[in-house]
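Below is one structure; the comments refer to it alone.
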Amino acid sequence: MALFAAEGAQGSEAIDCLTAKGRSLTCQFTTEDQIKGVLGQMLQASNRACDVSDYRIAGLMAEGEGQVIEVKCASGSGFLGEFPATRTAAGQVQTCAQAAQVGDRCEL
């Protein structure tokens, strides 16, 4: 998705559909299943197996470098972690049980 600044203003940017969703915008050509697939691939690249059945954007990473996302796996387990804007691999990821031990909470 591309966002264009008004004439004479600065700040145009291109964002992916996951970032758009975090800003309450909707992509029409990218499905939720495609987004779930990307999240699953990012977890796989970080040695975490998960067939993503649902996800929730919990917040933003520092300086807008990506999102903190909770994912629910088809197996019933889940993760809470950093999903950088590069979309190649998840960053720091914890199981929901690990997150609960440090005061974070999974909601899915």
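The first residue of the sequence shown is numbered 1, and numbering continues consecutively from there.
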> Who are the side-chain hydrogen bond (donor to acceptor under 3.5 Å, both in side chains) partners of Thr95, not counting sequence neighbours?
Replying inline: Gln98

> At their closest point, which heavy atom of Ala20 faces which heavy atom of Met1, and how far apart are they?
Replying inline: CB-SD, 4.0 Å

> Between Pro84 and Gly91, what is the shortest heavy-atom contact and its length?
Replying inline: CD-N, 3.7 Å

>> Once side-chain hydrogen bond (donor to acceptor under 3.5 Å, both in side chains) is applied, do any residues pair with Ser46, and if so which ones, sequence neighbours excluded?
In response: none

> Under the side chain to side chain contact (heavy atoms under 4.5 Å, CB included) test, which residues partner Phe29, sequence neighbours left out?
Replying inline: none

> If you link I, L, V, M, F, W and Y whenever their side-chain heavy atoms are under 4.5 Å apart, who else ends up in the same group as Met61?
Replying inline: Val68, Leu80

>> How close do Ser53 and Ala74 get, counting heavy atoms only, and between which atoms?
In response: OG-N, 3.8 Å

> Does any pair with a residue in residues 25-48 pass salt bridge (Lys or Arg N to Asp or Glu O under 4.0 Å), and if so which ones, sequence neighbours excluded?
Replying inline: Lys21-Glu32, Asp33-Lys36

> Quick one: hydrophobic cluster around Tyr55, which other residues, with the 4.5 Å side-chain cut-off, linked directly or via members?
Replying inline: Leu18, Ile35, Val38, Leu39, Met42, Leu43, Val52, Ile57, Ile69, Val71, Phe79, Phe83, Val93

>> Which residues pass the side chain to side chain contact (heavy atoms under 4.5 Å, CB included) test with Gln41, not counting sequence neighbours?
In response: none

> Can you list every pair that meets salt bridge (Lys or Arg N to Asp or Glu O under 4.0 Å) and has a residue in residues 89-104, with sequence neighbours left out?
Replying inline: none

> What's the shortest heavy-atom distance between Gln94 and Ala99, and which atoms?
Replying inline: OE1-CA, 3.4 Å

>> Can you pull out every side-chain hydrogen bond (donor to acceptor under 3.5 Å, both in side chains) where at least one residue sits in residues 66-85? Sequence neighbours excluded, please.
In response: Thr19-Gln67, Arg56-Glu70, Gln67-Arg87, Ser75-Ser77

> Which pairs pass disulfide bond (SG atoms under 2.5 Å apart) with one or both residues in residues 28-60, sequence neighbours excluded?
Replying inline: Cys50-Cys73

> With sequence neighbours excluded, what pairs up with Thr26 under the side chain to side chain contact (heavy atoms under 4.5 Å, CB included) test?
Replying inline: none

> Would the number of heavy atoms belonging to other residues, nucleotides or ligands and lying under 6.0 Å from CD of Glu107 be above 12?
Replying inline: yes

